[in-house]
Amino acid sequence: MSEPEIVRTTDAEQLAQSAAARLAKLIVSAEAAEREFHLVLTGGGVGIKTLAALRDEAKASGMKWSHVHLWWGDERFLPEGDPERNETQACEALIDDIDIPAHNVHPMPSSDGTDNHDAVRGATKYSAALSVAARGRGPVPEFDVCLLGVGPDAHVASLFPGLPGVHEDEAAAIAVHDAPKPPPTRISLALPSIRSARQVWLLASGEGKAEAVRLGVAGGSVDEAPVAGARGAEKTVFWVDGAAASKL
Ligand SMILES: O=C(O)[C@H](O)[C@@H](O)[C@H](O)[C@H](O)COP(=O)(O)O
């Protein structure tokens with residue numbers, strides 16, 4: 001497994017713009033090669049900022065989106081349209097402003113869905129959607145890039161230190177209860193699903209993430225630092241501003 005690439009930026013704005021610019025190039029290359037591009041979105045401040053920067057890139061370059069599929073690494077298990085849902089924030093930052101086919105956008109179930117009376121059923125439903133999209137390749141489609149914010153406690157997606165979901169190795173997506181970051185109930189990709197992505201990009205800004213970034217780059221126990229297990233099959237990139245990189 002190759003060492004993670006570390007891209008240092010001056011601040012969160014430049015981090016988002018730099019990551020968006022590289023992401024836009026990959027999306028354009030996939031279109032030129034006439035192949036699908038599967039992108040996993042993240043919630044969190046830096047993640048949403050990156051989506052807004054990608055929207056700006058798309059507007060400036062007239063990017064095509066019909067070959068792109070959008071998935072989520074995790075979701076807060078809240079009613080459809082709740083402003084705290086990662087999907088809601090991604091729509092406001094990016095999806096509402098691009099010409100992507102609706103059937104290419106794959107949000108995680110909401111808490112008020114007709115057949116999702118609980119997060120476990122929602123996670124099972126998402127795992128099934130991932131399997132269908134994989135077309136027999138495996139439990140999930142070939143994710144080209146999986147974006148992940150990084151929590152100050154070194155969580156990624158909704159995989160939190162010490163919670164059992166970190167060790168899930170069968171289901172593609174899981175329900176998470178008692179999450180320390182509100183809301184307590186979430187749906188998350190399991191670590192093997194994240195690690196199946198060709199590239200995993202970690203996005204971290206601010207002094208509060210410095211120790212988590214150090215643990216992530218160093219690798220080690222996923223119990224203590226789930227970020228340490230967030231490695232891409234081909235490449236792992238840490239997009240960090242100076243403050244988040246201060247312990248490297
Ligand atoms: O649903 C969520 O909250 C996110 O998916 C979560 O994993 C987030 O990315 C990190 O907590 C970093 O969030 P910030 O970038 O806002 O610190």
Side-chain angles (χ1 to χ4, degrees), residues 7 9 11-20 39-54 70-79 82-94 106-111 119 122-123 126 143 145-163 165-166 168 173-191 193-195 197 200-216 222 225-230 237-241 243-246:
V7 179
T9 67
D11 57 22
E13 293 307 323
Q14 192 195 41
L15 187 163
Q17 288 163 7
S18 306
L39 173 62
V40 180
L41 307 183
T42 180
V46 185
I48 298 301
K49 211 186 276 288
T50 302
L51 298 187
L54 183 59
L70 300 177
W71 303 89
W72 271 264
D74 75 329
E75 185 57 274
R76 300 134 185 218
F77 197 58
L78 296 165
D82 188 294
E84 283 306 301
R85 268 179 65 86
N86 294 334
E87 175 198 9
T88 308
Q89 295 180 17
C91 286
E92 288 166 0
L94 171 69
H106 310 276
M108 288 180 163
S110 57
S111 62
Y126 206 66
F143 298 137
V145 174
C146 177
L147 300 175
L148 293 171
V150 181
D153 60 355
H155 78 259
V156 289
S158 288
L159 303 176
F160 293 91
L163 291 194
V166 170
E168 175 62 42
I174 57 173
V176 174
H177 301 287
D178 307 322
K181 177 178 182 181
T185 305
R186 293 157 165 262
I187 295 176
S188 181
L189 292 186
L191 209 43
S193 300
I194 291 171
R195 291 170 65 90
V200 168
W201 293 7
L202 292 310
L203 313 168
S205 163
E207 191 70 39
K209 307 297 178 72
E211 178 59 11
V213 167
R214 184 188 71 79
L215 289 167
V222 296
V227 61
V237 187
F238 280 80
W239 298 86
V240 288
D241 64 6
S246 58

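We count ligands from 1, going down the list as the structure has it; atoms in each ligand are counted the same way.
Although no hydrogens or angles enter the test, the distance criterion places no donor-acceptor pair under 3.5 Å between the side chain of Ser205 and the main chain of Asp241. Ser188 contributes no side-chain N or O that, together with a main-chain N or O of Ala190, makes up a donor-acceptor pair within less than 3.5 Å.
Closer than 4.0 angstrom to ligand 1 by heavy atom are Thr42, Gly43, Gly44, Gly45, Val46, Asp74, Arg76, Asn86, Gly149, Val150, His155, Ala157, Lys181, Arg186, Lys209, sorted by chain and number.
Applying the side-chain contact (heavy atoms from CB on, under 4.5 Å) test between Leu147 and each of Leu202, Leu51, Leu54 identifies Leu51 as the sole match.
Using a 30° and 60° split on the angle between ring planes, Trp71 and Tyr126 fall in the perpendicular class, above 60°.
In this view, Arg76 and Glu84 satisfy the salt bridge (Lys or Arg N to Asp or Glu O under 4.0 Å) rule, not counting sequence neighbours.
Within the 4.5 Å cutoff, the side chain of Leu163 has no heavy atoms near those of the Pro226 side chain.
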